[in-house]
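All remarks here apply to the structure that follows.
What you are looking at is a predicted structure, and each value in this text was computed from that prediction instead of being measured. In the text below, chain A, chain B and the rest are named by the order of the sequence lines, each starting its count at 1.
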Number of protein chains: 2
Amino acid sequence: MQSDFAGLPRLEDVAREAGVSASTASRVLNGNRPVADGYRQRVLAAARLLGYTANLAAQATARGRYPAVGLVVGDISDQFFARVASGVIHESSKRGLVVNIVSTDGDAGRELEVIRELRRQRPQSLVLVRKRDSTPAANAGLVVELQSFEREGGRVVVVGESSRPMSAIRPPDFDGGKELARALTKLGYRSFAAVTSADPVRSSDDRIDGFRAGLSAAGIALADRDVYSAHSSLPGGMQAAAQYLASGRTVELIFAIEDMMALGVLYGLERAGISVPKDIAVAGYGGRRMETVDLHGLDLTTVRAPLEEMGAAAVSMTVENDEPAVIGLQPEVILRASTPPR
Amino acid sequence: MQSDFAGLPRLEDVAREAGVSASTASRVLNGNRPVADGYRQRVLAAARLLGYTANLAAQATARGRYPAVGLVVGDISDQFFARVASGVIHESSKRGLVVNIVSTDGDAGRELEVIRELRRQRPQSLVLVRKRDSTPAANAGLVVELQSFEREGGRVVVVGESSRPMSAIRPPDFDGGKELARALTKLGYRSFAAVTSADPVRSSDDRIDGFRAGLSAAGIALADRDVYSAHSSLPGGMQAAAQYLASGRTVELIFAIEDMMALGVLYGLERAGISVPKDIAVAGYGGRRMETVDLHGLDLTTVRAPLEEMGAAAVSMTVENDEPAVIGLQPEVILRASTPPR
DNA sequence: TTGAAAGCGGTACCAC
DNA sequence: GTGGTACCGCTTTCAA
């Protein structure tokens, strides 16, 4: 073989350099068992001198476990997946775990396939990130695969949607919608419209449901005819704004379940001569870092979805062996200029 | 140790089940050397029956190389990194390589640190993705580290900025700007303004320079006073639009070096009562999938940066052992409604 | 405390 | 073709 890690120092090289046995060198480097201080120093010096780093794969075969988390995302260019992945990567790094990432390419049917791919590496845990639950059909083989993984000592955590009896971290969409409603009613708003995604994603519904619940608590009803739906994107938001305008109804505030849609709504309204927030207020959801450049009106009120935290929590769950559970995190309402007090 | 891959079938289990030696089983499963067809079938059957998948780490220690690519990104929630990563992941998957991902957290100074982290896994190659070249200071240790990696048979490809004598894949920003200018002049535009990023990123400059070069070819000059700069974001674009309006100058088309900025420009203009594309045209750059919902005017002309392709090309470069080289890919000008023929 | 030796799950050379 | 065996780099008993 040609490129056999050629040149990289092995544990034995360190041991020889330090004049001790490989066992001792190993003990020093892994710091578990006691080693005479003189030897300890020499081993450490030798390791530093040679620039030694343990071969993770060899360690893994010897130890019987690979300190890795397998990360399955749908599409890493999508903000949702990217932000969760970011959290997974950071938390893993903190905990000395490496991250092996695979993508289903947006095709949920490939989940099983990529998980098998991932398992070749014998990761300690699997973090599946999804926007929607897998279809019952795809689910069949998947559940078998995951259970066998857990039976072999692996841990699985699903971030996002999951109906399976499996540890999961759900985005606090309902609560986020609810708290937003509460904050807005507290600001004095009394009549609302909402814009949701035409795509059946659970998050959207939850946000709307939560929003509605929050309004109810203040004695305000959100009529179905005041809920518009469109593609979850900036253009979609413009379309929704057009629908709203065409309806002839007027409300004090429009809540869009996604920031880009909210921007689209904003844009659609303004180009129709309706000023935000003077004539109407707008709120979004997502909380992507929308640089708060001081621009009249573009300071969008939003709810920050704790996606990075969810990714981090997923990793934590897999290492601390808590009971399987479904946990949620706290959303954060961010009030800005697009919804001034009334 | 508890979770020692417990329960997972080993090669030996497959061999026993098939009634052959481990060597033979290995040969069948790796398909290199000849094996009698009878045995072959039995081994394959046994493997299928037991659900056997080779332990990648063990294979790696035995073979002396790990079929993995180490991917270093600055911030995976950033579209640029995410799209490149997407390409890396797909291409790797195609080629049977696993992807180990780490992030510098946006702190270029951490690059060396995370690369060391990555090298514990003995990946065959390293793909570094960056928006800007590393600082000379950080560069010092980095170059040593990377050269030692290459000396040991690893391959390194930088995607994005790199001044080092190292294989790199540069985004075709200059060409993209140039081709855009050519396409626009061909449509009949004659006077232009541009909006660039206040942040010193090479891509921005290249796009502007290319744009300028393209205009020159048509005998048109882009004056410095017609180049505005702002934060590369939607609000930044709005600011730039405000600057443009305040300048009192009028041009036929405004080119912003980033799509979100272009949208901000669009928005800023329209809210000032200037209609796009009726009164003025706008073009962007980036080509993120901007869903082409049929909305008057929001169909933004742009240049598609081939980021996924760059990621894929990086992986290809590391496996096909071409000479180290700096290669570029083709940008794609996408003319849409925001720049109608004049 | 320390080192020798036996693994970990595989691969690949060797002789039959 | 096939199986025995040494070995990959590291960990972890086990005796000394």
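- The side chain of Ser26(B) places an N or O atom within less than 4.0 Å of a non-bridging phosphate oxygen (OP1 or OP2) of dT11(C).
- Residues satisfying the side chain to side chain contact (heavy atoms under 4.5 Å, CB included) test with Arg120(B), not counting sequence neighbours, are Thr53(A), Leu56(A), Val98(A), Glu117(B).
- Residue pairs meeting the salt bridge (charged side-chain N to carboxylate O under 4.0 Å, His left out) criterion with at least one partner in residues 21-32 of chain B, sequence neighbours excluded, do not occur; the list is empty.
- Considering only side-chain N and O atoms, Asn30(B) lies under 4.0 angstrom from the phosphate OP1 or OP2 of dT11(C).
- Mapping Ala36(A) and Arg10(B) onto DNA chain C via the closest heavy atom, the residue that lands nearer the 5' end is Ala36(A).
- For the OP1/OP2 pair of dG10(C) and a distance below 4.0 Å, the side-chain nitrogens and oxygens of Tyr52(B) include at least one atom meeting the criterion.
- Atom P of nucleotide dC8(D) and atom CG of Leu56(A) are separated by 19 Å, given to the nearest angstrom.
- The side chain of Val35(A) approaches dT2(C) more closely than any other nucleotide in the set dT2(C), dG1(D), dT11(C).
- In this model, no side-chain donor or acceptor of Thr61(A) finds a partner on the base of dG10(C) within 3.5 Å.
- Counting to the nearest Å, the P atom of dG4(D) and the CD atom of Glu12(B) are 11 Å from each other.
- Distance CZ (Arg42(A)) to P (dT2(C)): 10 Å, rounded to an integer number of Å.
- Closest approach to the Arg63(A) side chain among dT11(C), dT11(D), dG1(D) is made by dT11(D) (side chain taken as heavy atoms from C-beta onward).
- No salt bridge links Glu111(B) with Arg116(B); every basic N to acidic carboxylate O contact stays at or beyond 4.0 Å.
- Under the rule for a side chain to side chain contact (heavy atoms under 4.5 Å, CB included), the partners of Glu150(B) that lie at least two apart in sequence or sit in another chain are Val156(B), Met166(B).
- Residues satisfying the side chain to side chain contact (heavy atoms under 4.5 Å, CB included) test with Ala18(A), not counting sequence neighbours, are Val20(A), Arg42(A), Val43(A), Ala46(A).
- With contacts defined as side-chain heavy-atom distances shorter than 4.5 Å, the pair Val129(A)/Val158(A) does not qualify.
- Residue Gln59(B) has a polar side-chain atom (N or O) positioned under 4.0 Å from OP1 or OP2 of dT11(C).
- Taking 4.0 Å as the cut-off between side-chain N and carboxylate O, Asp107(A) and Arg110(A) do not count as a salt-bridged pair.
- Electrostatic pairing of Glu152(B) and Arg122(B) does not count as a salt bridge here, judged by no charged N lying under 4.0 Å from a carboxylate O.
- Where the helix from dT1(C)-dA16(D) to dC16(C)-dG1(D) starts and where it ends, the local axes point in directions that differ by 40°; five pairs per end, rounded to 10°.
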Please list each protein N or O that sits under 3.5 Å from an N or O in nucleotides 3-7 of chain C, with the distance.
{"from": "dG3(C)", "atom 1": "OP2", "to": "Ser21(A)", "atom 2": "N", "distance (Å)": "3.2"}
{"from": "dG3(C)", "atom 1": "OP2", "to": "Ser21(A)", "atom 2": "OG", "distance (Å)": "3.1"}
{"from": "dG3(C)", "atom 1": "OP2", "to": "Thr24(A)", "atom 2": "OG1", "distance (Å)": "2.5"}
{"from": "dG3(C)", "atom 1": "N7", "to": "Arg27(A)", "atom 2": "NH2", "distance (Å)": "2.7"}
{"from": "dG3(C)", "atom 1": "O6", "to": "Arg27(A)", "atom 2": "NH1", "distance (Å)": "3.2"}
{"from": "dA4(C)", "atom 1": "N7", "to": "Ser23(A)", "atom 2": "OG", "distance (Å)": "3.4"}
{"from": "dA4(C)", "atom 1": "N6", "to": "Ser23(A)", "atom 2": "OG", "distance (Å)": "3.1"}

